[in-house]
Amino acid sequence: MIEGKITRISGPIVYAQGLDACGLYDVVNVGKSKLIGEIIRQNKGNSTIQVYEEDTGMYIGEKVECTELPLSLRLGPGLVGNIYDGIQRPLKRMYENSGSFLLPGERTEPLDSKKVWHFEAADGIKEGCKIKAGCLLGSVKETESITQKIMLPTNLRGKILKSFKGSGDYTVDDVIGLTDLDEEIRLAHYWPVRKPRPYEKKLGVTEPLVTGQRVIDVFFPLSKGGTAAIPGGFGTGKTMTQHAIAKWCDADLIVYIGCGERGNEMTEVLSEFPELIDPRTGRSIMERTILIANTSNMPVAAREVSLYSGITLAEYFRDMGMHVAIMADSTSRWAEALRELSGRMEEMPAEEGFPAYLPTRLASFYERAGRIISLEGQEGSVSVIGAVSPPGGDFSEPVTQHTKRFIRCFWALDRELANARHYPAIGWIDSYSEYADEVRDWWELHNPLWASLRQESLDLLKEENKLQQIVRLIGPDALPDSQRLILKVADMIKNGFLQQNAFDDIDKYCSTDKQIAILDLILEYYKRAAACIKKGALLQNLVSLPVCDEIVRIKMVYKNEEIDKINEIRQRLDSQIGEIERVYSVE
């Protein structure tokens, strides 16, 4: 083990000499407490170390030991349902061992080494068979919702399986086989967090990540393997939107990263998620969730690495053929950690004090998303949804602007909507999705009305936005009935479709069929009412129809499996507006 000595201390940044032979990003044990750190710069015999724990009380001259290994996660059975900090220390087990406050240098194995797992060997895997990196060795049922595939680590060079124990009960430390080069195979292995995991082929992102949130699925869809950002000021609903997506999206696994946000938000996740029932499995959502907590009261340096830890966990399950969704809350706090560490290292700042390499670091995170064919031949994906917290809701600040360069789905939260208690507060004017054309074919198979209804609704809302400027100046009475009808229908879309109550048992999740049925009914009302007005019908008679209120209340009244009942409202619409059509001879 290579040893050096501390020469200078600047907060979480420590400088040392004597570590010339160490590699960049090698893990080191710093000081007498052996705090976990990482070498982030080497320069003429001086090593710059980023310490991931509180280093108060450390002094110059203390010893630094280099492990000569990069910062890595241990990947294997026991990950799902756990809560880790940014360097994969299991917080629940550490709390049981030492209480509410972590001791300096305290470490606990990320996976329970005593727990026995039942390993079921794959067909055709036996002694003497040929093997290659990423090939399937067998599987372990980790939870009722997740079966973890055990694959040959890609860092093993052996080509032949020299010995293999086959199916049985093992711990993560037990050797279950050897390669022809005597390399040991276990249920778990290590992987460097800053190194993307390899795959066979990258695919196009053509299937939407269905979230059950109407404004997202219909207006601004996200593909499986896509990237999205949720920017918004304080109180606009970033965390609430991410919680809703994590609870109800059709991903196989959720990795939720609490990166620099308040501790009570992670507490809310911990208290709510175990009680929530996954609509697909009927079991707790925690059985398909991994939490990473680096809240605002935890060491700032560990916040920087937490995103890489989360994406590494996601890639591991992606390689098994799973669709994984990452919630990063928030990348702004992560960027602030970069800014603080950069300042400690006396680097030349760029705009607003952020380091000049901020775009590169953002790219290294978002570009690890995607839909792929794994080395084993399975299709999997990693979708990244990052919250951005611009000061004062100013979208022109550096983190938001650089994030827009690497994402293709932008859900801009609107302060006026949030103040009006309209949630999700995703504004339909500033938001956009570049995945709409790519998921069109999927929607054509499932519901061909999606594309036309989406475009017609967005056009109506944009037209309503223009008319509102006139209304603010001269009032709505100055508008002709055809334009006042647009204002009415836009309100129906906002209140009856876009607004969604995350705490209502019926409205918290909306199936794609129900989404299209609601929007189709609203637009049918608009088209028929507009035709009546052209023939001379009075707007008041059309907007006072009892069926208008029924349409707005559909989302709160009918469950997803009761879509047929919406046809009853359609019949009442046909009856009520039909009388007006007959009077004015509307064809």
Side-chain angles (χ1 to χ4, degrees), residues 9 11-12 14 27-38 49-59 62-65 67 71-116 142-143 171-173 188 193 239 243 255-276 284-287 289-307 309-310 313 329 333-334 337 340:
I9 302 171
V14 171
V27 173
V28 293
N29 300 321
V30 185
K32 60 183 179 181
S33 298
K34 295 190 174 182
L35 305 182
I36 301 173
E38 184 182 26
I49 299 168
Q50 181 172 273
V51 181
Y52 290 126
E53 301 183 65
E54 179 61 48
D55 60 358
T56 302
M58 188 179 293
Y59 55 87
E62 286 194 69
K63 184 171 66 174
V64 180
E65 300 174 342
T67 64
L71 183 64
S72 304
L73 299 187
R74 195 170 197 198
L75 306 173
L79 291 169
V80 180
N82 241 319
I83 176 168
Y84 296 102
D85 69 354
I87 49 179
Q88 209 193 12
R89 294 185 297 182
L91 297 180
K92 184 178 180 181
R93 203 175 314 147
M94 296 179 77
Y95 167 75
E96 293 169 352
N97 294 340
S98 58
S100 301
F101 296 94
L102 303 184
L103 301 175
E106 184 178 3
R107 305 184 192 188
T108 304
E109 284 297 317
L111 303 178
D112 189 346
S113 58
K114 296 180 181 179
K115 185 168 182 177
V116 176
E142 186 168 4
T143 68
T171 67
V172 291
D173 291 330
V193 297
T239 301
H243 283 195
V255 179
Y256 195 101
I257 308 171
C259 182
E261 289 299 307
R262 293 169 296 281
N264 62 333
E265 294 181 355
M266 287 305 297
T267 303
E268 184 179 348
V269 175
L270 280 171
S271 60
E272 278 191 7
F273 276 39
E275 305 297 327
L276 292 172
S284 171
I285 284 183
M286 278 303 293
E287 291 188 0
T289 304
I290 302 174
L291 303 178
I292 296 179
N294 266 109
T295 52
S296 54
N297 61 335
M298 299 173 78
V300 69
R303 190 186 306 173
E304 189 267 340
V305 79
S306 60
L307 290 190
S309 297
L313 290 172
D329 188 14
R333 305 287 174 256
W334 173 76
E340 180 171 338

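These numbers were taken from a predicted model, which means no experiment stands behind them. No hydrogens, no waters, no symmetry mates; every other heavy atom, side chains included, goes into these values.
Met286 has its side chain within reach of Leu291: a pair of non-hydrogen atoms, C-beta onward, lies under 4.5 Å apart. Under the 4.5 Å side-chain criterion, counting only non-hydrogen atoms from C-beta, Leu73 is in contact with Ser309. Residues Ile292 and Leu313 have side chains in contact (heavy-atom distance under 4.5 Å, counting atoms from C-beta outward). Gln88 is not listed as a side-chain neighbour of Val193, based on a closest heavy-atom distance of 4.5 Å or more.
Between Glu142 and Leu79, the shortest heavy-atom distance links the atoms OE2-N, 2.8 Å. For Val300 against Pro12, the heavy-atom pair with the smallest separation is CG1-CG, 4.1 Å. The shortest non-hydrogen separation linking Pro110 to Asn82 is O-ND2, 4.3 Å. Shown here for Val51 and Ala301, the closest heavy-atom pair between the two residues is O-CB, 3.0 Å. Closest approach of Arg107 to Met94, counting heavy atoms only: N-CE, 4.5 Å. Minimum interatomic distance between Ser113 and Asp173 (heavy atoms only, all atoms of both residues): CB-OD2, 3.1 Å.
The closest donor-acceptor contact from the side chain of Thr67 to the backbone of Val27 lies under 3.5 Å. Judged by distance alone, with hydrogens and angles left aside, the side-chain atoms of Tyr256 form no donor-acceptor pair with the main-chain N or O of Thr289 at under 3.5 Å. Without hydrogens or angle criteria, Arg303 side chain to Arg333 main chain gives a donor-acceptor distance under 3.5 Å. Side chain of Asn294 to backbone of Gly86: a donor-acceptor contact under 3.5 angstrom is found. Panel note: side chain Glu62, backbone Tyr59; a donor-acceptor pair is recorded below 3.5 Å.
Applying the salt bridge (charged side-chain N to carboxylate O under 4.0 Å, His left out) rule to pairs touching residues 80-102 yields Glu53-Arg89, Asp85-Arg89, sequence neighbours excluded.
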Identify every side-chain donor-acceptor pair in residues 30-38 under 3.5 Å, counting partners at least two apart or on other chains, and give the distances.
residue: Glu38; atom: OE1; partner: Tyr52; partner atom: OH; Å: 2.2
residue: Glu38; atom: OE1; partner: Arg194; partner atom: NH2; Å: 3.0
residue: Glu38; atom: OE2; partner: Arg194; partner atom: NE; Å: 3.1

